[in-house]
Protein chains: 2
Amino acid sequence: MTDTPPRTRIQTRNRATILEAALEVFASRGFRGATLDQIAQSAGLSKPNLLYYFRSKEALHIAILEDLMDLWLAPLREMDPEGEPREEILRYVRRKLDMSRNHPRESRLFANEILQGAPRARSVIEGELKTLVDDKAAVIAAWSAAGRIGPVDPHHLIFSIWALTQHYADFEVQVRAIMGGTDPYPAAEAWLDRVFGAVLEISRDAT
Amino acid sequence: MTDTPPRTRIQTRNRATILEAALEVFASRGFRGATLDQIAQSAGLSKPNLLYYFRSKEALHIAILEDLMDLWLAPLREMDPEGEPREEILRYVRRKLDMSRNHPRESRLFANEILQGAPRARSVIEGELKTLVDDKAAVIAAWSAAGRIGPVDPHHLIFSIWALTQHYADFEVQVRAIMGGTDPYPAAEAWLDRVFGAVLEISRDAT
DNA sequence: CTTCAATTTGACCACCCGGTAAAAATCACG
DNA sequence: CGTGATTTTTACCGGGTGGTCAAATTGAAG
């Protein structure tokens, strides 16, 4: 599974440079749209030299995807079953929105992969991701059943958080075209707080 | 601007077949990822024959995009300033979710285009789309100011509707991986009703 | 300075892909 | 059936792209 990790300083440095460059190019052009020449040039290396570090374009893309998943799932992992439900969920929303703001390329790369049918990430999604989501969905369901938050469909709540937060990164061009020069994130943060605040509210006509 | 419309029966039939095939392929592989051979084969034509109907790959993609926009914007256009605010918005949500359900390929094609920075749709987005959105946002803002719905940020409300509904089409692979074999749409419909119902609710601590 | 391994380069290749040209086949119509 | 326009096919091309290979260069260590 895990091949021998990079050894020398040159290896670690160059692998990092390549991954950074590849993230940029893959995110903005998609897998097929990206070329090894572009990535190599953006990394300041020659194409054969790049291929010395990563066996193939595919291997490079997979490496990025693997690096990505930890970062990507961290906010959901941090959701604490022992915490205050409403606060935990709202924090997750904020952390996820921060991801869109601070890592838009990662978001777009991931979106690209899913859009194409997840040809290279399918196993992670059906495995690690699904497990984590089911796990946290159970937590949320318990909170809901205990009346500590309003009645929610846990899975669809999670989908909503993903959709709403990632939208600002994935559809950035559209958002910016409509909002003009303004930075959308401050308003988005307030808005998402309001949306999920309202959804988690315990129904007023409860006893 | 508009070139001479198709004349003969063969033209209309074949153009339609090609557009259908191209929608399929572009949606699932992206612009760069799609090949003319795939599209031609999927349409049951030879590549040169396809190029007899559309001058280039780019022209074909643009033609699809143009066809798409009317369909895509129809639900928002239908939002009636004279209608009952809450009902109008909730209907828009439902219509948009129906779009994801019945036209997932169109949704993914569009998502692909935006993700890549809207190289071929930029003008439509900055023009037609922005105008429409600003228009409807003003309507929503008026409703909100009149106290007929809760206080909302109209633009971000619209973004939220787009994000939540399109998510089920664009990230279908992920949704299905997590939900298993179940059709997500029935639950999604109920959930989105609940989400936007809660958001539009007039604050309980109003006088 | 030597020496061996790690790294980088330059030259190259086979394949794919968008697009063209021109001949061949088909169609519409009198 | 004849004829001119429309449609389809066959053969082809040039550029781009992922990937290879062997030689050259550089780095680490005694």
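Quick note on labels: first sequence line is chain A, next is B, and so on, each numbered from 1. Keep in mind it's a predicted model, so treat the numbers as computed, not measured.
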For this session: In whole angstrom, give the distance that lies between atom NZ of B:K57 and atom P of C:dG19.
Result: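 It works out to 8 Å between those atoms.
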Exercise. Rounding to a whole Å, what distance do you find between A:L51:CG and D:dA22:P?
Worked result: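 These atoms are roughly 16 Å apart.
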Problem set entry | Any pair counted as ring-ring contact (aromatic ring centres under 6.0 Å, His included), so long as it reaches residues 116-137 of chain A, sequence neighbours left out |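 Qualifying pairs: none.
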Exercise. Going by the ring-ring contact (aromatic ring centres under 6.0 Å, His included) test, which pairs reach into residues 36-59 of chain A, not counting sequence neighbours?
Worked result: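 Every pair satisfying ring-ring contact (aromatic ring centres under 6.0 Å, His included) with a residue in residues 36-59 of chain A: there are none.
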Partner set under salt bridge (Lys or Arg N to Asp or Glu O under 4.0 Å) for [X], not counting sequence neighbours:
{"X": "B:E84", "value": "none"}
{"X": "B:R194", "value": "none"}
{"X": "A:R13", "value": "none"}

Problem set entry | Nucleic acid contacts of residues 17-42 of chain A, taken as heavy-atom distances under 4.0 Å to DNA chain C | A:R32
I need the full list of salt bridge (charged side-chain N to carboxylate O under 4.0 Å, His left out) pairs touching [range], with sequence neighbours left out, sorted by first then second residue.
{"range": "residues 27-43 of chain B", "result": "B:D37-B:K47"}
{"range": "residues 173-188 of chain A", "result": "A:E172-A:R176"}
{"range": "residues 57-71 of chain B", "result": "B:E58-B:R120"}

Strictly under 3.5 Å: I want the nitrogen or oxygen pairs between protein and nucleotides 3-9 of chain C, one per line.
from	atom 1	to	atom 2	distance (Å)
C:dT7	OP1	A:T8	OG1	2.6
C:dT7	OP2	A:Q11	NE2	2.8
C:dT7	OP2	A:Y52	OH	2.8
C:dT8	OP1	A:N14	ND2	3.4
C:dT8	OP2	A:N14	ND2	3.2
C:dT8	OP2	A:N49	OD1	3.2
C:dT8	OP2	A:N49	ND2	3.4
C:dT8	OP2	A:Y53	OH	2.5
C:dT8	O5'	A:N49	ND2	3.2
C:dT9	OP2	A:S46	OG	3.4

Problem set entry | For A:V139, side-chain contact (heavy atoms from CB on, under 4.5 Å) partners two or more places apart |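 Partners of A:V139 under the side-chain contact (heavy atoms from CB on, under 4.5 Å) test: A:P81, A:W143.
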Exercise. With A:R94, which of A:E78, A:E88, A:E87 fulfils salt bridge (Lys or Arg N to Asp or Glu O under 4.0 Å)?
Worked result: A:E87
Problem set entry | Paired stretches of DNA chain D - 3 or more consecutive Watson-Crick or G-U pairs, each distance under 3.5 Å |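 Stem segments, range with range: C:1-30 with D:1-30.
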